[in-house]
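Notes to accompany the following structure.
Letters A, B, ... mirror the listed sequences (proteins, then strands); counts begin at 1. Basis for what follows: all heavy atoms, side chains included, without hydrogens, waters or symmetry-related copies.
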Amino acid sequence: MTILDKEKVRPVEGTSVEFKDRLAKLQSLRDAGINPYPNDFKAADTCGKVGNDCGNATKEELEAKEIRVSIAGRIMAIRDFGKASFVHVQDRSGRLQGYIKKDILGEEGYALFKKLDTGDIIGFEGRLFRTRTGELTAEISRLRLLGKGLHPLPEKWHGLVDVEARYRQRYLDLMVNPDVREVFLKRTAIVRFIREFLSGREFIEVETPMLQPIAGGAAAKPFTTFHNALGQELYLRIAPELYLKRLIVAGLERVFEINRNFRNEGVSTQHNPEFTMLEFYQAYATFEDMMDLTEEMISSLAMQLHGSMKVDYQGTTLDFTPPWKRITVRDAVLEYSNADKAIFDDKAAALAFSKTLGLTVPKGLSHGKVIQEIFEKTAEHEFIQPTFVTHYPLEISPLARKNEKDPSLVDRFELLVNGKEIANAFSELNDPVDQRDRFEGQLKERAAGDVEAHEMDEDYCRALEYGMPPTAGEGIGIDRLVMIMTNSPSIRDVILFPLLKK
RNA sequence: GAGCCGCUAGCUCAGUCGGUAGAGCAUCUGCCUUUUAAGCAGGUGGCCCCGGGUUCGAGUCCCGGGCGGCUCACCA
């Protein structure tokens with residue numbers, strides 16, 4: 001491009017004064033024969049390791065030992081005194097201060113330093129000492145630029161605050177806001193903990209299709225897509241459930257999957273269109289076994305993360321010490337509303353009661369669904385401390401096993417924490433004839449206008465016809481669990497790149 | 001999808017009754033060899049989210065739109 005092409009030079013992001021200054025510095029480095037983007041520097045140490053190893057060493061010990069370190073990282077701050085300067089360098093493990101002295105680095109080295117800015121990636125070698133103010137610091141004797149940054153960093157004191165910028169440029173958020181990094185490190189620790197917990201109980205981790213010809217396993221609106229070569233419409237999965245249970249049929253007996261689900265629904269502080277779900281299935285277990293396992297898993301997770309089973313969430317102390325409260329949907333509704341027992345036996349009574357609550361129930365809604373609506377309106381939000389709510393209506397649980405004593409209910413629970421659903425589990429329906437009937441029922445609801453009712457899955461029915469052992473299965477919303485464990489108010493705070501409008 | 005709030009320099013934010021666009025940090029120049037929100041002095045930097053309207057005059061008032069946040073609805 002030449003000056004004559006002026007017309008074509010369009011203002012682009014990054015034409016700030018700083019950007020131009022840095023471009024000029026970049027050019028002058030190149031002119032001086034310095035590659036601003038080399039890749040041959042290997043750091044022997046990390047800031048965190050240096051801090052751990054030498055954080056307690058006294059000034060005298062450091063003088064005596066002559067400890068040399070090499071570090072690679074990003075310059076987060078520069079304090080310039082003319083012929084000497086301090087920098088803070090950040091790597092994956094933390095920060096370390098470097099002291100840059102013209103006497104030690106020499107004219108040439110110091111000239112290079114003068115062309116560096118906050119945000120640049122550097123590598124250095126230096127000898128550890130303690131400054132007058134007591135900070136462990138490396139006296140830099142060799143300095144390399146490893147990557148020039150052209151944009152200025154967000155403000156050092158406030159960091160990046162603008163919520164939209166934090167989500168759209170998460171790399172900046174993570175770079176300058178240590179709390180944010182902490183949340184995502186915890187997220188990783190939580191997922192690792194769950195993997196180890198389940199693996200330790202002989203569950204095997206599997207991966208099942210994300211692209212599915214039938215979007216089954218949950219009541220939700222799917223995303224659709226199209227496979228060109230096959231000329232076939234496909235769905236992004238709303239749940240892995242039906243595939244995981246095929247693996248139980250197959251004899252794997254204990255399986256789990258931690259992966260993304262996609263639901264074409266609203267976005268909120270509790271919902272992201274793609275979210276991470278843990279699902280696990282255990283043969284020869286019941287939903288009651290799942291409650292015990294869940295208590296153990298989450299309480300020990302809290303203990304590992306916080307050193308306590310009590311977790312602060314947005315000003316509320318959540319106590320995960322087992323055993324957790326267990327209550328049926330029926331008892332919960334009776335306890336938290338003035339409903340009459342009749343609503344559980346008489347759909348008309350349930351409908352009438354729902355009207356008194358201000359619910360607008362669409363015509364043709366099943367009795368069970370009305371009960372569910374009533375529960376959600378009156379009781380669900382009341383369960384702040386971890387609570388298993390059990391025995392949901394049959395009609396809203398087409399994949400769950402009927403309760404032996406009351407066939408209008410299923411052996412199912414949801415785990416509520418802070419009034420929100422964290423987990424959902426049931427003893428699985430393994431009677432293929434019953435399953436087929438339930439799918440038929442769903443088809444009728446679909447015909448009646450419920451777009452979230454299940455479709456018939458012939459192959460799943462056929463799998464059950466080969467015989468599935470009695471099994472219990474559970475799904476846990478990982479994002480919501482991470483929210484609780486990291487005291488995060490929005491699901492977007494625990495998803496690295498939440499969905500935003502273009 | 002609805003209601004409320006927000007959008008001003010790279011970042012964090014002021015901007016009064018409608019009257020020439022401001023600060024701190026960052027950046028640049030000068031001074032400064034143990035600072036840590038370093039300091040001192042002096043500069044540069046703006047499509048006030050976009051488009052209309054009212055007005056002699058709009059960052060400010062009105063209308064429409066965009067994006068984001070919160071609440072609600074749907075949902076996990």
Side-chain angles (χ1 to χ4, degrees), chain A residues 11 13-22 24-25 59 76-88 95 97-105 110 114 117-119 129-137 139 149-169 172-173 175-177 217-221 238-239 261-279 359-360 362 372-373 376-377 380 414-417 420-424 451-452 475-481 483 489-493 498 500-502:
Chain A
E13 198 190 350
T15 49
S16 65
V17 174
E18 283 94 329
F19 191 86
K20 286 172 191 156
D21 285 343
R22 285 164 181 245
K25 285 178 185 172
K59 191 169 187 135
M76 300 306 292
I78 299 175
R79 288 177 293 279
D80 188 343
F81 286 80
K83 296 185 182 65
S85 297
F86 290 93
V87 296
H88 265 124
R95 289 186 180 190
Q97 180 166 261
Y99 180 53
I100 296 174
K101 206 173 169 185
K102 195 171 184 180
D103 296 349
I104 293 174
L105 213 52
Y110 208 73
K114 285 291 187 183
D117 295 291
T118 55
F129 74 108
R130 205 167 276 283
T131 62
R132 214 170 273 168
T133 51
E135 181 164 349
L136 182 68
T137 302
E139 184 184 69
L150 297 178
H151 290 291
L153 251 36
E155 211 228 8
K156 61 186 171 189
W157 191 241
H158 299 93
L160 188 66
V161 172
D162 181 80
V163 179
E164 183 169 2
R166 285 185 43 227
Y167 294 151
R168 289 194 194 275
Q169 293 182 275
L172 277 181
D173 193 25
M175 206 184 284
V176 302
N177 293 332
K221 298 184 196 76
I238 56 174
N261 287 349
F262 305 87
R263 298 191 185 174
N264 206 339
E265 291 157 2
V267 176
S268 77
T269 53
Q270 308 290 320
H271 303 85
N272 194 63
E274 51 179 315
F275 62 101
T276 301
M277 189 78 143
L278 160 69
E279 285 201 10
L359 290 169
T360 48
Q372 172 70 1
E373 296 269 344
E376 286 177 5
K377 175 81 178 179
E380 188 175 45
E414 286 192 2
L415 170 61
L416 299 182
V417 179
K420 308 256 165 45
E421 181 187 339
I422 296 296
N424 176 25
V451 292
E452 294 187 352
I476 297 182
I478 294 296
D479 312 276
R480 289 186 177 178
L481 181 62
M483 285 169 68
S490 169
I491 198 168
R492 286 176 222 107
D493 296 327
L500 295 178
K501 244 179 149 171
K502 199 179 171 190

B:C74 pairs with, by Watson-Crick or G-U criteria that keep both distances under 3.5 Å
none
Which base sits across from B:A14 as a Watson-Crick or G-U pair, both distances under 3.5 Å?
none
Without hydrogens or angle criteria, can the side chains of A:Ser85 and A:Tyr110 be said to hold a donor-acceptor pair below 3.5 Å?
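The criterion, which ignores hydrogens and geometry beyond distance, is satisfied for A:Tyr110 and A:Ser85.
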Is_stacked (A:Phe275, B:A76) at 5.5 Å, 30 deg
yes
Nearest to side-chain heavy atoms of [X], which nucleotide of [options]:
| X | options | result |
| --- | --- | --- |
| A:Asp117 | B:C74, B:C11, B:C28 | B:C28 |
| A:Phe86 | B:U34, B:C70, B:U12 | B:U34 |
| A:Asp21 | B:A76, B:U35, B:U27 | B:U27 |
| A:Arg263 | B:A76, B:U33, B:C67 | B:A76 |
| A:Thr137 | B:C70, B:C28, B:U35 | B:U35 |
| A:Glu265 | B:U12, B:A76, B:G69 | B:A76 |
| A:Thr118 | B:G10, B:U33, B:A26 | B:A26 |
| A:Leu160 | B:A76, B:A26, B:U12 | B:U12 |

A:Glu135: what forms a side chain to side chain contact (heavy atoms under 4.5 Å, CB included) with it, not counting sequence neighbours?
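In terms of side chain to side chain contact (heavy atoms under 4.5 Å, CB included), with neighbours along the sequence ignored, A:Glu135 is linked to A:His88, A:Gln97, A:Thr131, A:Thr137.
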Per-nucleotide protein contact string for nucleotides 37-44 of chain B, where B marks a base within reach and S marks sugar-phosphate only (heavy atoms under 4.0 Å, - for neither):
BB-----B
Contact string for nucleotides 3-8 of chain B, one letter per nucleotide 5' to 3', B = base within protein heavy-atom range under 4.0 Å, S = sugar-phosphate only, - = neither, reads ------
Taking the same atom, [atom1], in [N] and in [M], what whole-Å distance lies between them?
| N | M | atom1 | value |
| --- | --- | --- | --- |
| B:G42 | B:U35 | P | 25 Å |
| B:A73 | B:A2 | C1' | 8 Å |
| B:G66 | B:C28 | C1' | 36 Å |
| B:G6 | B:G59 | C1' | 14 Å |

Rounded to whole Å, CD of A:Glu376 lies from C1' of B:C74 at a distance of 11 Å
For atom CD of A:Glu452 and atom P of B:A76, their distance in whole Å
7 Å
With a 4.0 Å cut-off, would you call A:Lys83 and A:Asp103 a salt bridge?
no
After noting the C-alpha distance and the side-chain angles of A:Met76 and A:Thr118, does the key distance pass the side chain to side chain contact (heavy atoms under 4.5 Å, CB included) rule?
CA-CA 5 Å; A:Met76 300 306 292; A:Thr118 55; over 6 Å; no
What about A:Glu135, does its side chain sit under 3.5 Å from the base of B:U34 through a donor-acceptor pair?
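For A:Glu135, whose side chain was compared with the base of B:U34, there is no donor-acceptor pair (under 3.5 Å).
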A:Tyr99 and A:Phe129: aromatic ring centres closer than 6.0 Å?
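Between A:Tyr99 and A:Phe129, the centre distance is under 6.0 Å.
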Quick check on RNA chain B: between A:Arg22 and A:Leu153, whose nearest nucleotide comes earlier from the 5' end?
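Looking at RNA chain B, the more 5' nearest nucleotide goes with A:Leu153.
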Quick one: salt bridge (charged side-chain N to carboxylate O under 4.0 Å, His left out) partners of [X], sequence neighbours excluded?
| X | result |
| --- | --- |
| A:Glu414 | A:Arg412 |
| A:Asp479 | A:Arg187 |
| A:Lys221 | A:Glu452 |

Look at all strands and tell whether A:Arg168 reaches a base, only sugar-phosphate, or nothing, counting heavy atoms closer than 4.0 Å.
sugar-phosphate
With under 30° as parallel and over 60° as perpendicular, where do the rings of A:Phe81 and A:Phe86 fit, or are they tilted in between?
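Ring orientation of A:Phe81 relative to A:Phe86: perpendicular.
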